[in-house]
Protein chains: 2
Amino acid sequence: MSRRDDDQGGSSAGPSVTARVLGILSAFGPGAEALTLSGIARAAGLPLSTAHRLVGELATWGALERGEDGRYHVGLRLWEVGALAPRSLGLRERAMPYLEDLYEATRQNVQLGVRDGHEVVYVERLAHPEAVRVFSRVGGRMPLHATGVGQVLLAYAPAAVQEEVLAGPLPALTPRTITDPQVLRRTLAAVRREGVAVCDGMVDLLAMSVAAPVRGEDERVVASLSVVVPSAGAEPRAIVPAVRAAARGISRALGSPAARRRPLGIVTTPPTAPADAERGA
Amino acid sequence: MSRRDDDQGGSSAGPSVTARVLGILSAFGPGAEALTLSGIARAAGLPLSTAHRLVGELATWGALERGEDGRYHVGLRLWEVGALAPRSLGLRERAMPYLEDLYEATRQNVQLGVRDGHEVVYVERLAHPEAVRVFSRVGGRMPLHATGVGQVLLAYAPAAVQEEVLAGPLPALTPRTITDPQVLRRTLAAVRREGVAVCDGMVDLLAMSVAAPVRGEDERVVASLSVVVPSAGAEPRAIVPAVRAAARGISRALGSPAARRRPLGIVTTPPTAPADAERGA
DNA sequence: ATCGCGCTTCCGGCCACCGGAAGGAGCACG
DNA sequence: CGTGCTCCTTCCGGTGGCCGGAAGCGCGAT
């Protein structure tokens, strides 16, 4: 795959054209929305002339666009194709109405995320301009262990993924971030038991998040949604039911049989058996 | 031999590797969110083995993902990069709160679109599950002349673009769609004069849309937003002010000086001079 | 004026890409 | 139980597309 400059054992190969093109796309990211040609070449590790040729083709197609200042940014055409990702469009489309309601009820921050590897990717975010500042953004990534959405996704992830995360480093974003694997393990068990994760001050000391799992047609947890509220004077008890209800509503819209079976109402006593059994799956 | 299909040089660019990769991405689209390898090869006009190799690389990087049924769909990684497009993320981020309010007030459909060539691309859409069925979708395209959002974007587009559209074919989506260039020309003038477009039954006989322009920091129209309501018994007068106010709010959030200068209120008498002068720009 | 930076174009050599062909897996049918 | 599909995967020799150093241009700063 990565045929960098590594010449090993006889027949070596340079990076394929495809890899170079993807490398150019990788040069863009949060905090690097617009780049000069040289900047792209530098970031992608390509000679300037090569970058020039490839970027030119990408721009012609519409994957990149050139601003008035000469810098390149991601183009509308690429966004269009990306919008077809089922984990974005299909999920978002059905979840939106529920996120709406939750946003309207709290006027704070509502987030929807999916897991990719050892990170959570935020697929949607509704934020009131005057709400607590949240570090996340649509398309952004965060570690699983430190956020509400992430802890939920991790709690219901395959056992292998959980062990990998527990074994790896657990960076602290604030003094209150969980960094002890044992504490995290117990927290995940609690999340499975309660069906909701409450993270207070783990990303930002001033913010608290309440998250719940969203299930797909095969009952697997496919996403997680959360509400972020100011840490000071927050009352989780008032929010937890709303978050759980919204998560259940989305699960139902996605075709989750369990969410359809139980007609809402007994949210205060979630079933523990299936939740714990899930970890093995 | 290798470039046999289009080696005449007549049709578009030669199939460089980059072009082939982009061709693969182009194979996906609304109604084709998941494709088999052969399907991709067919759609992109590539030999199966070539498609196999390129798709494999794309999947390794995360641009494509392979579902459990073996079919490929657009991957989360590509969505992430696409989300960096300034015309999507930057615009959406600031517009969301206003779209929210508009959605909350109408409980129907709210749309935000930008122009790309001779089409409008919908960047955001809030829809109530029980609202009028709307044909558009996030990431979807529609012709400029037939939709509210499109007419606004066209009315403030560069003169060259307007002439191209007026000269080209104007396909009818319903019997009420504008197909006469002269009628369209007068309609666009009215849009500039009024600062809003009202499209009744042009996309769907049962739906009506009210659209208004969104301006950026340099006063140019960068987007357009609309509300779609049932055609029957609709009262535009009740909606127009709300749409105009929301559009102005977004313009202000984007840094439009004019929107900042005028403190809301005299929306019934919009300035005609700058609006008409704009067409020349 | 001189420098530095970034962008664009050019072109010969070489090697990575191409794609036909062969083989395997799964499924529907007679 | 063969037969005929469709789809996927792998292999390999020939060659033409890609690579990237180098030169030239435009612009702003010193």
Side-chain angles (χ1 to χ4, degrees), chain A residues 1-28 32-61 63-73 75, chain B residues 1-28 32-61 63-73 75:
Chain A
M1 44 202 296
S2 65
R3 290 106 124 242
R4 278 271 150 198
D5 303 328
D6 48 346
D7 274 13
Q8 51 171 347
S11 67
S12 76
S16 70
V17 178
T18 309
R20 290 168 202 242
V21 168
L22 296 175
I24 287 175
L25 296 185
S26 298
F28 295 88
E33 291 89 357
L35 299 171
T36 64
L37 179 57
S38 322
I40 295 173
R42 225 177 295 125
L46 296 174
L48 187 55
S49 57
T50 300
H52 180 255
R53 186 167 19 88
L54 297 179
V55 165
E57 269 190 288
L58 288 171
T60 299
W61 185 77
L64 300 180
E65 288 174 8
R66 192 158 199 187
E68 293 179 359
D69 58 354
R71 295 196 302 173
Y72 292 92
H73 55 238
Chain B
M1 194 78 180
S2 56
R3 274 63 167 135
R4 45 136 88 79
D5 286 337
D6 41 1
D7 51 5
Q8 301 302 329
S11 62
S12 71
S16 66
V17 179
T18 310
R20 290 166 202 242
V21 167
L22 296 174
I24 288 175
L25 296 185
S26 297
F28 296 88
E33 290 90 357
L35 298 170
T36 65
L37 179 58
S38 323
I40 295 173
R42 226 177 293 124
L46 295 175
L48 187 55
S49 57
T50 300
H52 180 257
R53 185 165 22 85
L54 297 180
V55 165
E57 268 190 289
L58 289 171
T60 299
W61 185 76
L64 299 180
E65 287 173 8
R66 193 158 199 187
E68 293 180 358
D69 58 354
R71 295 195 302 172
Y72 291 92
H73 55 239

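Here the structure is a predicted model, which means the values were calculated and not measured.
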K.L.:
What is the distance, to the nearest angstrom, from the CG atom on B/L35 to the C1' atom on D/dT6?
P.N.:
16 Å
K.L.:
A/V17 has a side chain; which of C/dC17, D/dT9, D/dT10 sits nearest to it?
P.N.:
C/dC17
K.L.:
Counting the atoms with a prime plus P, OP1 and OP2 as sugar-phosphate, which does A/T36 contact under 4.0 Å by heavy atoms, base, sugar-phosphate, or nothing?
P.N.:
sugar-phosphate
K.L.:
Is any N or O donor-acceptor pair between the side chain of A/S38 and the base of C/dG6 shorter than 3.5 Å?
P.N.:
no
K.L.:
Grab the CG-P distance between B/L46 and D/dC8 for me, whole Å please.
P.N.:
14 Å
K.L.:
Roughly, in whole Å, what's the span from CD in A/E57 to P in C/dT9?
P.N.:
14 Å
K.L.:
At less than 4.0 Å, is any side-chain N or O atom of B/H52 found next to OP1 or OP2 of D/dT9? Yes or no.
P.N.:
yes
K.L.:
Between atom CD1 in A/I24 and atom C1' in D/dC19, what is the gap in whole Å?
P.N.:
13 Å
K.L.:
According to a strict under-4.0 Å criterion, is A/R66 in side-chain N/O contact with OP1 or OP2 of C/dT8?
P.N.:
yes
K.L.:
Run through A/V21, A/T18, A/V17 and flag the one making a side-chain contact (heavy atoms from CB on, under 4.5 Å) with B/E57.
P.N.:
A/T18
K.L.:
Where does DNA chain D form stems of at least three consecutive Watson-Crick or G-U wobble pairs, each pair having both distances below 3.5 Å?
P.N.:
C:1-30 with D:1-30
K.L.:
What is the nucleic acid contact for A/L48, judged by heavy atoms within less than 4.0 Å: base, sugar-phosphate only, or nothing?
P.N.:
base
K.L.:
Between B/R20 and D/dG17, is there a side-chain N or O to OP1/OP2 distance below 4.0 Å?
P.N.:
no
K.L.:
Nearest whole angstrom, please: distance from the C1' of C/dC7 to the CZ of A/R42.
P.N.:
13 Å
K.L.:
Roughly how far, to the nearest 0.5 Å, is the OH atom of B/Y72 from the CG atom of B/L64?
P.N.:
8.0 Å
K.L.:
Does OP1 or OP2 of D/dG20 have a side-chain N or O of A/T50 closer than 4.0 Å?
P.N.:
yes
K.L.:
Under 3.5 Å, which donor-acceptor pairs do the side chains of residues 32-44 of chain B form with other protein atoms, sequence neighbours left out?
P.N.:
| unit_1 | atom_1 | unit_2 | atom_2 | d |
| --- | --- | --- | --- | --- |
| B/E33 | OE2 | B/G31 | N | 3.3 |
| B/E33 | OE2 | B/R137 | NH1 | 3.3 |
| B/E33 | OE2 | B/R137 | NH2 | 3.2 |
| B/T36 | OG1 | B/G39 | N | 3.0 |

K.L.:
Distance check needed: D/dC8 C1' versus B/D69 CG, whole Å only.
P.N.:
14 Å
K.L.:
Mind calculating the distance between CG (A/L54) and P (C/dC17) to the nearest angstrom?
P.N.:
12 Å
K.L.:
Residues in side chain to side chain donor-acceptor pair (under 3.5 Å) with A/H73, at least two apart?
P.N.:
A/E65
K.L.:
Report yes if a side-chain nitrogen or oxygen of B/R53 is closer than 4.0 Å to either non-bridging phosphate oxygen (OP1 or OP2) of D/dT10; otherwise report no.
P.N.:
no
